[in-house]
Structure formats: C-alpha cells, structure tokens
Peer 1: 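Next up is a structure, given as structure tokens.
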Amino acid sequence: MSSKIDYINIEHYSRCLKLINDIFKKFLVIDDNNYEIELKKSLEKIGLFFSLDRIYVYYFSKDPTFMKIEYQWNKKDIKQKRERQEEEVVYTLPWLIREVKNSEFVAINDTNRFPDEALFEAEVFLNEGVKSFLIIPLKIADKLIGFMGYESLSDYINWQESQIEVLSDISKIFSYTRERLEKEKKYEETLNGQAILLNNSESQIWALSNVTSYATVNEAHVNFFGKKKSDLEYQDLYDVFDIETANKFSENNWELFEKNELTKKELEVENVNGEKRLLKIRSKPQKDKDGNIKYLICTAEDITEQRRAERELYKAKEQAETANIAKSQFLANMSHEIRTPMNGILGFLELLQLTNLSLEQEDFIREAKVASEVLLHIINDILDFSKIEARKLVMENIEFNLRKIIEDAVSLLAPKAAAKGIELYTMIKEGVPEVVVGDPARLSQVLNNLISNAVKFTEHGEIAVIVDCLEIEKKIALLSFQVKDTGIGIDREHINTIFQSFSQADASTTRKYGGTGLGLAISNELVKMMGGEISVESILGEGSTFKFDVRLRIVKGSTEQKFEFLKLDDVNILIVDENENNRRIINSYIQGIGLKVFEAQDASTAITTILTNANTKNRISVAIINYQMPDMNGYELANTIKTIPFTKDIKLILLTSVTQKGEVKALKEYGFSAYLGKPVRRDELLDCIAITLGIKKEDEEKNKIITKHIVKEVKNSLEPRILLVEDNEMNRKIIISMLKSHGMICDVAVNGSEALKVVTEKDYDVILMDCQMPVMDGYECTSKIRDFEGEKKHTIIIAMTANAMEGDYEKCIKAGMDNYISKPINFDTMFSLIEANTKENHKGIKYSNIIKNNIDYLIKETGLKEEDAKEILEEYIEQLPNLLSDISEAIYRSDFNKLVALTHELKGSSGTLRIVSIYELAIQLEEAVLKHEIDKSTILFEKIRDLLGEIRHEIK
Ligand code: ADP
C-alpha cells in the first residue's frame with residue numbers, strides 16, 4: 001500500500017521549491033568538470049527528499065535502437081539498477097519506450113498492475129523488485145534523447161500530479177544542462193581546432209578592425225615581429241611598431257580597406273632580426289549586414305626567397321636568351337656582311353661576262369656565277385633562318401595584288417621548268433580575292449621555295465600551282481595553296497622531318513640536288529607567322545603535293561570583269577593544246593567571263609572543230625594555239641587555218657613557253673595576232689583576247705604588259721634619264737658599268753643631300769636610291785623629294801636595300817619610294833623596272849633621227865654618196881651612247897685626262913660629220929675641259945645631251 005504523504009503541505013511545498021531552486025542554481029553555473037559529481041549529489045538529494053530508492057538517467061545511443069544508463073543513484077543497501085554502463089536494446093521494453101515517446105511521463109504506482117500490453121515490462125520490473133516508478137522523457141528541442149527513471153523498491157508510491165511536475169522540471173534542468181555542456185564542449189573543441197590551425201599556420205594571419213587597429217593575430221604574425229599575441233591584439237599599430245613600420249602598415253591597410261574586396265598586395269617589412277622581407281598579403285573584408293567592413297582578414301606569405309629564386313631564374317633565362325639572340329644576331333649580321341662583297345662578286349662577274357672572252361673563259365665565268373648564286377641563296381636562307389630564330393623577322397602588312405604575286409612566283413620558275421620539259425601551270429580558282437593585306441615578299445618566298453623544290457625534284461611530267469579560297473569570315477580569307485608535282489616523291493620515313501631545319505629527305509639528295517635543307521623550315525615558320533600551316537602528301541616515285549594555308553585580310557574581292565565580254569555572245573574561243581590541264585585552266589578563265597569555249601587536243605581535232613562549227617552560231621572567232629603539239633606544231637596549224645578562205649579571219653593567239661624576240665616577226669608572218677607566254681596569267685589572257693577582238697585598245701602607258709604580247713617589234717633602245725644615289729664606290733661602279741653595257745647612262749649623287757640638289761634642277765625618269773648613306777639617307781631624301789614635287793610631278797624612285805633589317809620594304813614605301821630591289825642587285829629586275837618606268841617620249845629613241853636631220857648637209861658638204869654618208873653616220877651613232885656615258889663618268893670622276901681625249905673625239909667626229917649643233921658645243925666643252933672647269937663642263941655636256949633629246953622631240 002502506498003504511504004500517505006501530504007504533498008499539499010505548505011512546508012513540504014516550499015522545501016520542494018527550494019530543492020528545485022538549489023538544483024537550478026547549481027546547474028546554471030555548472031561546467032563539464034563538476035557536472036557528474038553535482039548530478040550525483042542532486043540525484044541523492046531528490047531521492048531522499050521524495051523517499052525514493054533509485055534514480056537513473058538513460059540516454060539513447062546514436063543508433064536509437066540502443067540505449068545506455070549513464071548516471072544512477074541508489075539508496076543505501078539498494079542494488080544498482082545496472083552493474084555496468086553498457087548498451088541495451090530498447091525493444092526489451094517496447095511498451096515503455098512507446099509510452100516515453102508519446103507521453104509527458106509514465107507513472108506506474110504498482111508494478112503488479114501494468115497494462116496488459118506491458119508484458120515484458122511487468123516481468124522486468126517485478127524481477128528487479130521495483131514496486132513503483134516514474135519515467136520522465138528527456139527532450140531537447142522536441143527530440144527525445146533519453147529518459148529519467150524514479151523508482152521505489154520498498155514502498156508503493158501513488159504518483160501525484162504536483163510530484164510528477166516537480167520531477168519533470170528537475171529532469172528538464174538535467175537535460176538542458178547536459179545539452180549546454182555538450183554544446184560548450186563542441187564549441188571549445190572547434191575553437192581549439194581553429195586555434196591550432198591559426199597558431200600553427202606558417203602563414204601570418206591577422207584581423208584588423210580598422211586601418212590602424214588589430215583585432216586578433218596568429219602566432220606566425222607575432223613571431224615575425226618577435227612579439228607576443230597580447231602585444232598586438234586589440235592594439236593600435238602606432239602603439240606597437242616604430243613610426244616607419246606603423247606608417248607603412250597603415251598606408252597599406254588604407255588601400256586594402258579602400259578596395260573593399262578580395263585584394264592581393266606585396267609589402268616589404270622588416271622582421272625581428274632587422275631583415276627586409278617581402279610579404280605577399282591577401283586581404284578579405286568581412287562585412288556586416290549593411291555592407292560595412294567589420295574586419296579585414298589578412299593572410300601573408302613571406303615570398304622573399306621565392307622572389308629571389310624567381311629573379312635568379314629569370315636572370316638565367318634572360319642570359320640564355322640574350323646569348324641565343326646574340327648568336328642569331330651575329331649570324332644575321334654576318335650574313336648581311338657577307339652579302340656586301342657578294343654583291344661585288346656577282347656584279348663584276350656579270351660585267352666580266354660582257355667583255356671579250358674566250359669560250360673557255362665564258363664557261364668559267366658561268367660556273368663562277370652559278371656557284372655565287374648558290375652561295376647567295378644559302379646566305380639568304382641562313383639570314384632568314386637566323387632572323388626567325390632571333391625573333392627579328394617581322395611580317396609586313398601591306399596591300400598587294402595576290403594574283404600577281406602568285407603568277408610572278410610561277411613565272412620566275414617557268415624558264416627552269418621549260419628547260420627541263422616540265423609543264424608548269426597555275427590555277428587560281430574563282431573566289432580568290434584580288435587585293436589583300438599581308439606580306440607579299442614572304443608569301444612569294446614560300447611559293448618560290450615550294451615551286452623551285454618541285455622543279456628541282458621533278459624530271460618529267462607537270463607541276464601545278466593551285467590556289468583556292470576556302471572561307472571568308474569578317475573580311476579575312478582563308479586561302480589554300482597547293483604545289484603538286486610528279487617528281488621523285490618522299491619516302492614515309494623522312495616525310496615528317498623535312499620541315500625541320502637542315503633536314504633533307506635522304507643524304508643522297510644533297511649530293512645530287514644540292515640545297516641546305518633550310519627552305520622548308522623557313523617556309524614552315526613563315527606560314528605559321530601568316531596564321532596557317534604547311535603539310536605534304538607524297539608517294540615515293542610518283543610525286544608530292546605541298547599544301548599550305550594562310551589568312552589574309554581582303555581589300556578587294558575576286559575581280560569583277562573589266563571588259564564587256566558579256567555583250568559578245570557570238571564570240572567563241574577554241575583552245576588547242578595537248579595538255580588537258582592547260583586547256584582546263586584557260587577554259588575556266590574564259591568561261592569565267594561568259595564566253596563559249598571549245599577544246600581540241602591536237603591540230604586535226606582543232607581543224608575539225610573549226611570546220612564543223614563554221615556556219616553555226618558556234619563559229620570560232622579566236623583560236624588559242626599551243627606551239628608544241630603531237631601532229632602539227634602551232635605554226636603549221638596557223639598556216640592551215642589561214643589558207644582556208646572561210647577560216648582565215650579567225651584571230652590566232654600563240655601559247656609558247658619560249659618567247660624569243662626574233663620569233664615575234666615570224667609569229668606575224670604565220671598570221672598570229674598575239675602570243676602569250678606560259679604559264680598563262682588570267683588577266684593577260686583576257687586582255688589579250690580583248691585586244692585581239694578589238695574591244696580594248698592597247699594602252700601602252702597604262703598597261704605595259706600588253707605590249708609584251710602584241711605582235712610587233714620590241715623597242716629596245718631606251719634612253720632613260722637615271723639618277724643613281726649610292727655612297728659605296730664599288731656598287732656605283734657596278735651599276736654605272738651595267739647601265740653602260742645596256743647603252744644607258746646616269747647621273748650620280750653620293751648621298752641624299754647631293755641627290756636632293758640635283759633633283760630640284762633636273763628631271764629624271766628613274767632614281768635608283770640606296771637606303772643607308774651618310775649625310776642624308778635614302779628615306780629622308782625620298783620624303784624630301786616628294787615634298788618638293790608636291791602634286792606637280794612624281795619621279796619614280798626605286799630603293800636599293802640590303803633587305804637584311806626588319807620592315808625594310810614597308811619603310812621604303814612609307815618614305816614615298818615606288819619600288820624596291822634588294823642587294824645584291826638582280827640586274828634583270830633593275831632593267832625591267834627601268835624599262836617599265838621610262839616615259840613614253842623617251843621610248844623608241846633612235847639616234848638614227850640624227851641621220852635624217854644631217855645627211856643632206858653632210859652630202860652637200862662632202863660630196864659623199866648617200867649610201868656612204870649613211871654608213872658613216874650610222875657608225876657614229878653606234879658609238880655615241882658609249883662615248884656619252886664615258887664622258888658622263890669622267891665628269892663625275894673629274895678625270896680631265898680622260899675627258900680631254902673623249903671630248904676631242906666627240907668634237908672631231910661631229911665636226912667631220914657636219915653635225916653642227918653638237919660640234920659647236922663640243923668645241924666649248926673641250927675648252928672647258930682643258931681649263932679643268934668642271935662646272936662649266938657639266939653644263940655643256942648637259943646641253944649636248946639635251947640637244948640630242950630635243951632632236952628626238954622635234955622628230956616625234
Ligand atoms: P633543300 O634546300 O635541301 O631543298 P628544303 O627544306 O627546301 O631544302 O627541302 C628539304 C628536303 O625535302 C629536300 O632536300 C628534299 O629531300 C625534300 N623535298 C622538298 N620538296 C620536295 C619535292 N617537291 N619532292 C621531293 N622531295 C622534296
């Protein structure tokens with residue numbers, strides 16, 4: 001039976017409150033160290049107060065199917081509820097656990113009267129001798145974490161509501177305190193962990209609360225200054241450091257605060273040992289909810305050593321690079337230096353070739369020239385290669401005509417290919433832009449290299465140069481170039497190495513074909529610099545195809561048609577050529593302008609085609625005939641066509657790979673209207689057809705090419721007015737002699753300022769201008785000439801440069817020069833430039849005009865027969881150019897001894913021949929020469945030359 005205790009008793013109630021109060025007060029300040037002891041003490045107090053025998057606390061394990069008794073108090077002489085603290089399965093008490101989960105408490109007054117379903121519980125509790133018990137669930141934030149049990153083994157307790165309430169409250173105090181302690185423990189652990197990290201970090205870490213105030217710091221930071229944490233934490237910089245360091249830090253902090261974002265900065269600070277150390281500081285602001293900086297967290301690494309190592313590494317790299325560049329620069333300079341004497345060797349060899357030589361000597365010179373040219377080629381390759389290595393090669397960016405560059409590159413090698421009997425043709429596909437921006441010289445160089453290799457390594461068959469435009473994006477064209485040959489091919493083993501420097505497919509080729517193995521390596525680099533790639537496909541014994549692509553900016557797209565071919569819908573063209581590719585190319589060019597084209601592979605097919613179409617609308621108007629054909633040659637076919645009455649009006653154009661001047665006459669006799677050299681250039685072909693058909697006039701002034709392919713005698717007696725500006729005596733001598741050998745003379749200036757003076761006084765057709773000169777260089781001189789000329793005139797200025805420095809060409813054009821020849825001078829180029837730029841009124845000058853003007857007077861004076869008089873005059877005329885150029889040279893050298901003899905000769909011959917105007921001037925010239933009056937001599941000599949010029953004008 002239960003003992004009756006009066007809980008309503010006020011005294012008991014107040015004691016009860018005191019108990020709760022005491023426990024509450026104690027547990028409020030309890031910490032982890034005395035929790036267990038105090039808990040036990042409190043349990044005892046409660047047990048005794050409520051006359052209980054046992055109080056215990058169970059906590060559920062992490063796995064909630066287990067639980068463990070953690071604390072227990074047992075009244076004296078009462079056995080422990082559990083001997084050991086070990087995990088028990090919760091389902092041994094299923095009813096009780098369910099109740100604990102769902103109720104505020106479980107109160108059993110008499111263990112003999114368990115509810116029916118508490119079978120297991122009844123057994124367990126009775127076995128343990130428990131008479132009454134109260135279980136209070138322990139919860140934290142509504143989560144059940146365990147329960148407390150209050151048991152009586154000696155008496156039955158009739159659990160009262162107020163008693164249950166008190167015990168519930170006490171249980172709550174226990175569970176809250178436990179939670180608090182656990183949290184505190186965890187927090188301390190975290191703090192400890194953070195402190196471990198912070199204080200053991202190699203990096204310095206500190207937090208600033210404002211520009212000059214520390215919040216907290218780590219060990220690394222204080223150790224750096226040899227201070228203690230407390231020296232720095234919550235201190236002002238100016239109280240901690242000397243003024244200089246404090247200033248430095250606050251200035252730095254100011255910037256970091258200002259940035260208000262993740263920032264990196266380097267700062268040099270003195271450490272405890274007085275060493276200057278470089279700190280790499282990273283700062284991150286920690287902001288409050290209004291976005292204001294609460295703390296600025298800084299971390300710093302000491303990067304002094306790292307920076308020193310970097311500096312040393314950089315120095316070593318610089319040294320290595322400088323050494324490498326110096327080496328390449330040396331090579332570039334050397335190659336440049338070698339080119340100067342090479343210029344002399346080649347020039348004098350060329351001059352030597354013009355003198356009287358035995359056959360054997362001629363042969364030797366030819367060999368010497370070939371060897372010098374090979375040497376020059378090698379030097380050029382080495383120069384380019386070393387420029388690329390020294391990263392000195394800069395691509396030009398200038399406008400140029402793409403078609404011209406391609407066709408020129410092909411034409412350059414056409415004679416070599418023709419000599420080997422190889423067909424060489426160009427196919428520039430539709431859509432390839434006409435004018436682009438890039439480096440024309442470098443593009444030609446790559447093409448030249450590939451085409452000359454193709455010619456070199458091909459014994460028979462053909463070489464095709466095919467250009468296509470693959471895509472155009474934002475005015476940038478991707479152009480593909482192919483050079484296809486039917487030569488020796490390259491084996492698989494070597495194909496991957498040929499683009500490397502000094503690499504040749506196999507050593508035996510060096511012996512047989514020569515070469516340095518640099519060409520493709522250079523091409524490879526150049527193509528890369530032009531934004532493309534080079535590759536090769538090859539079958540040994542069958543041939544090779546080299547391909548490369550480049551990207552170039554378009555200035556003008558593929559050509560719109562210049563002539564109104566479209567109107568001519570009854571014009572039909574026949575191409576007669578054995579070679580199918582040649583027919584195909586010409587066909588595509590002509591079809592491109594909308595004319596109808598027929599093809600014939602030999603003369604007999606051609607005749608059949610002409611005859612069958614004779615009376616239809618497909619009547620052939622123009623036949624383009626290749627010279628070499630299997631059945632009949634071009635001349636024979638022309639003859640046949642011209643003898644048939646109704647085909648004789650067909651216009652004939654001859655295709656020939658060897659165009660000799662003498663042959664031009666023969667062409668006309670065979671009935672050809674024009675000829676075209678192979679490989680055929682599209683614009684030349686179209687111009688030629690247009691002129692042949694009479695749609696276009698031959699416009700010599702504007703379009704000089706046309707004179708080349710219209711059948712008429714070639715004019716070869718030019719008298720251009722040339723000014724040579726050159727400081728190097730050897731070069732001067734070569735150029736003057738070369739001009740002389742072509743019947744041309746020139747004035748000379750030895751530097752820019754001399755040239756400028758001369759130009760202001762006299763007109764020239766062409767100025768050959770050296771670039772590097774003392775006093776005034778060629779660039780400055782040119783721009784001054786251009787300033788002087790203004791809009792009124794434009795003298796053609798051709799630069800002569802060693803082409804060894806970057807940007808030479810661009811510099812020349814910028815200075816106002818019109819063209820450019822590189823040294824050593826290729827004289828063919830020089831003469832073709834002079835020819836192209838000599839004005840019309842100077843063309844076709846024939847001293848024979850002198851005959852016309854003077855023959856009558858001579859006959860009258862001497863009584864000579866007309867034939868004899870003409871012969872003498874002709875002889876005089878033949879010698880005149882040489883005589884004049886000798887005088888010019890002697891004046892230039894102030895060589896009076898020579899001048900006396902020369903002017904005497906001029907006076908004598910013109911007197912004998914009664915060419916009065918010249919004779920009179922020659923007398924005065926002789927006088928001046930005898931008196932060594934150089935200025936007067938110059939003026940008189942100019943007058944003689946002008947006189948000859950005037951004669952020419954009158955006659956015209
Ligand atoms: P090289 O001055 O020796 O011609 P290149 O770099 O131009 O130097 O060429 C390297 C090598 O590639 C050549 O020696 C040759 O073996 C091979 N080669 C180049 N072009 C061709 C080609 N069209 N046909 C066969 N082999 C070629």
Side-chain angles (χ1 to χ4, degrees), residues 331 335 338 370-389 393 406 409-410 412-414 416-427 441-467 480-530 532-549 581 679:
L331 254 176
S335 319
I338 297 168
V370 170
S372 315
E373 264 153 20
V374 170
L375 180 57
L376 185 64
H377 187 83
I378 295 172
I379 293 166
N380 283 344
D381 272 1
I382 295 175
L383 176 64
D384 272 342
F385 192 71
S386 49
K387 270 202 275 187
I388 291 172
E389 284 266 285
L393 195 112
I406 299 163
V410 178
L412 195 70
L413 287 147
K416 256 194 195 158
K420 286 179 97 172
I422 304 164
E423 280 282 346
L424 171 61
Y425 51 86
T426 326
M427 176 76 187
R442 295 304 178 184
L443 182 60
S444 317
Q445 187 177 351
V446 177
L447 278 171
N448 259 323
N449 182 243
L450 297 187
I451 304 169
S452 68
N453 275 350
V455 175
K456 184 157 96 172
F457 296 109
T458 304
E459 292 313 325
H460 37 75
E462 54 189 37
I463 296 166
V465 179
I466 303 161
V467 185
S480 109
F481 295 79
Q482 281 187 45
V483 179
K484 239 177 172 161
D485 67 47
T486 53
I488 60 170
I490 305 161
D491 60 15
R492 282 168 171 274
E493 210 181 306
H494 293 108
I495 205 153
N496 293 326
T497 59
I498 57 169
F499 293 109
Q500 293 164 7
S501 48
F502 303 107
S503 153
Q504 294 178 318
D506 93 66
S508 63
T509 50
T510 326
R511 265 171 270 131
K512 189 168 171 197
Y513 298 98
T516 54
L518 276 179
L520 288 178
I522 294 169
S523 300
N524 186 21
E525 291 299 324
L526 293 178
V527 169
K528 270 195 223 154
M529 289 176 85
M530 288 188 268
E533 262 178 43
I534 194 164
S535 64
V536 60
E537 282 165 19
S538 185
I539 300 175
L540 197 65
E542 289 187 21
S544 317
T545 303
F546 282 82
K547 288 185 195 170
F548 69 94
D549 48 31
N581 283 325

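Just the heavy atoms: all of them, side chains too, but no hydrogens, waters or symmetry mates, feed the values below. In this text the structure is predicted, and so the values were computed from the model without any measurement. Residue numbers start at 1 and run along the sequence shown. Each ligand, and each atom within it, is numbered from 1 in the order the structure gives.
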Peer 1: Should Ile488 be counted as touching ligand 1, given the test is an N or O pair under 3.5 Å?
Peer 2: no
Peer 1: State which residues pass side chain to side chain donor-acceptor pair (under 3.5 Å) with Asn581; sequence neighbours excluded, sorted by chain then number.
Peer 2: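 If we apply the side chain to side chain donor-acceptor pair (under 3.5 Å) test to Asn581, skipping adjacent residues, the hits are Tyr425, Glu462, Arg584.
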Peer 1: List every atom of ligand 1 that sits less than 4.0 Å from any heavy atom of Ile490, numbering the atoms from 1 in the order shown and giving each element.
Peer 2: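 Contacts of ligand 1 toward Ile490, numbered from 1: 25 (C), 26 (N), 27 (C).
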Peer 1: Judged by non-hydrogen atoms, does Lys456 sit under 4.0 Å from ligand 1?
Peer 2: yes
Peer 1: Any atoms of ligand 1 less than 4.0 Å from a non-hydrogen atom of Ile498? List them with their elements.
Peer 2: 12 (O)
Peer 1: I'd like to know if the side chain of Ser538 reaches the main chain of Gly543, judged simply by a donor and an acceptor atom lying under 3.5 Å from each other, with no hydrogens or angles considered.
Peer 2: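 Judged by distance alone, yes, a pair lies under 3.5 Å.
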Peer 1: Taking side chain to side chain donor-acceptor pair (under 3.5 Å) as the test, write out the residues that go with Gln445, two or more places apart.
Peer 2: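 Listed in chain order: Asp384, Arg442.
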Peer 1: Answer yes or no for Ser544: is there a heavy-atom contact with ligand 1 below 4.0 Å?
Peer 2: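 A heavy atom of Ser544 does come that close to ligand 1.
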Peer 1: For Asn449, counting its heavy atoms only, list the atoms of ligand 1 lying under 4.0 Å from any of them.
Peer 2: 7 (O)
Peer 1: Can you list the atoms of ligand 1 that are under 4.0 Å from a heavy atom of Gly489?
Peer 2: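 By the 4.0 Å cutoff, the relevant atoms are 25 (C).
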Peer 1: Would the distance check show the side chain of Asp549 and the main-chain N or O of Glu533 forming a donor-acceptor pair, the cut-off being under 3.5 Å?
Peer 2: yes
Peer 1: Looking at ligand 1, does Phe546 have a heavy atom less than 4.0 Å from it?
Peer 2: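 Contact present.
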Peer 1: Under a 4.5 Å cut-off applied to non-hydrogen side-chain atoms, are Leu540 and Ile490 in contact?
Peer 2: no
Peer 1: Using a 4.0 Å cutoff against the non-hydrogen atoms of Leu518, which atoms of ligand 1 qualify?
Peer 2: 6 (O), 8 (O)
Peer 1: Can you tell me how the ring of Phe546 sits relative to the ring of Phe499, calling it parallel under 30°, perpendicular over 60° and tilted otherwise?
Peer 2: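 Because their plane-to-plane angle is over 60°, the rings of Phe546 and Phe499 count as perpendicular.
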Peer 1: CD of Glu459 to CD1 of Ile422: how many Å apart, nearest 0.5 Å?
Peer 2: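 Going from CD on Glu459 over to CD1 on Ile422, the span is 6.5 Å.
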